[in-house]
**Q** 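Provided herewith is a single structure, encoded as structure tokens, for subsequent inquiry.
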Amino acid sequence: QALASARAIHHIHGIQFDEMQDINVLTDIKFVVVTVALPLGLLFQEHELGAWVSRVVPDGNGARKEIQPGDQLAAINGKSSAHATIDEVASIISGTPKNEGVELTF
């Protein structure tokens with residue numbers, strides 16, 4: 001998922017990703033877990049390894065948690081979202097009780 005995240009961030013900024021660049025998983029990758037109230041204020045886009053944040057609604061709940069476009073979704077409520085489709089992501093999120101936040105791992 002590190003490569004997918006790097007590709008997503010480059011895509012958002014209109015920069016071509018150099019596939020020859022090495023990524024050191026120990027030093028270049030940082031996982032962040034946040035609990036976000038509904039509505040999330042996030043739009044996700046699907047790619048071959050799952051979903052990434054394509055848009056953050058300004059002043060929305062996701063923006064308040066400092067989620068950024070290009071963030072690669074790794075888990076929802078503690079369950080892996082690797083290879084999840086947008087429909088699967090939406091289904092998991094919509095199944096969260098409204099009085100609880102959604103735990104997102106990026």
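The analysis underlying the following values was restricted to heavy atoms, covering all of them including side chains, and did not include hydrogens, waters or symmetry mates.
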**Q** Does a donor on one side chain and an acceptor on the other come within less than 3.5 Å for His47 and Gln72?
**A** yes

**Q** Leu42 versus Val57: any side-chain heavy-atom pair under 4.5 Å?
**A** no

**Q** Ignoring hydrogens and geometry, is there a side-chain-to-backbone donor-acceptor pair from Ser80 to Ala75 under 3.5 Å?
**A** no

**Q** Following the transitive rule for hydrophobic clusters with a side-chain heavy-atom cut-off under 4.5 Å over Ile, Leu, Val, Met, Phe, Trp and Tyr, establish whether Leu43 and Leu38 coincide in one cluster.
**A** no

**Q** For Thr35 and Lys65, which heavy atoms make the closest approach, and how far apart are they?
**A** O-CE, 3.0 Å

**Q** Are there over 12 heavy-atom neighbours, none belonging to Glu48, within less than 6.0 Å of that residue's CD?
**A** yes

**Q** Does any pair with a residue in residues 53-64 pass side-chain hydrogen bond (donor to acceptor under 3.5 Å, both in side chains), and if so which ones, sequence neighbours excluded?
**A** Asn61-Arg64

**Q** Please, which pairs that meet side-chain hydrogen bond (donor to acceptor under 3.5 Å, both in side chains) have at least one residue in residues 91-106, sequence neighbours excluded?
**A** Asn77-Thr96

**Q** Would you say Ile76 and Val89 make side-chain contact, with heavy atoms under 4.5 Å?
**A** yes

**Q** Would you give the length of the straight line joining atom CD of Glu88 to atom NZ of Lys79, rounded to the nearest 0.5 angstrom?
**A** 13.0 Å

**Q** Are Asp71 and Phe44 close enough that some pair of their side-chain heavy atoms sits under 4.5 Å apart?
**A** no

**Q** Are the side chains of Trp52 and Leu73 in touch, meaning some heavy atoms are under 4.5 Å apart?
**A** no

**Q** Can you confirm whether Leu104 sits close enough to Val33 that some side-chain heavy atom of one is under 4.5 Å from a side-chain heavy atom of the other?
**A** no

**Q** Check the hydrophobic clustering (I, L, V, M, F, W, Y; side-chain heavy atoms under 4.5 Å; chains of links allowed) and say if Ile86 and Val56 are grouped together.
**A** yes

**Q** For the pair Ser81 (side chain) and Ala84 (backbone), establish whether a donor and an acceptor sit closer than 3.5 Å, ignoring hydrogens and angles.
**A** no

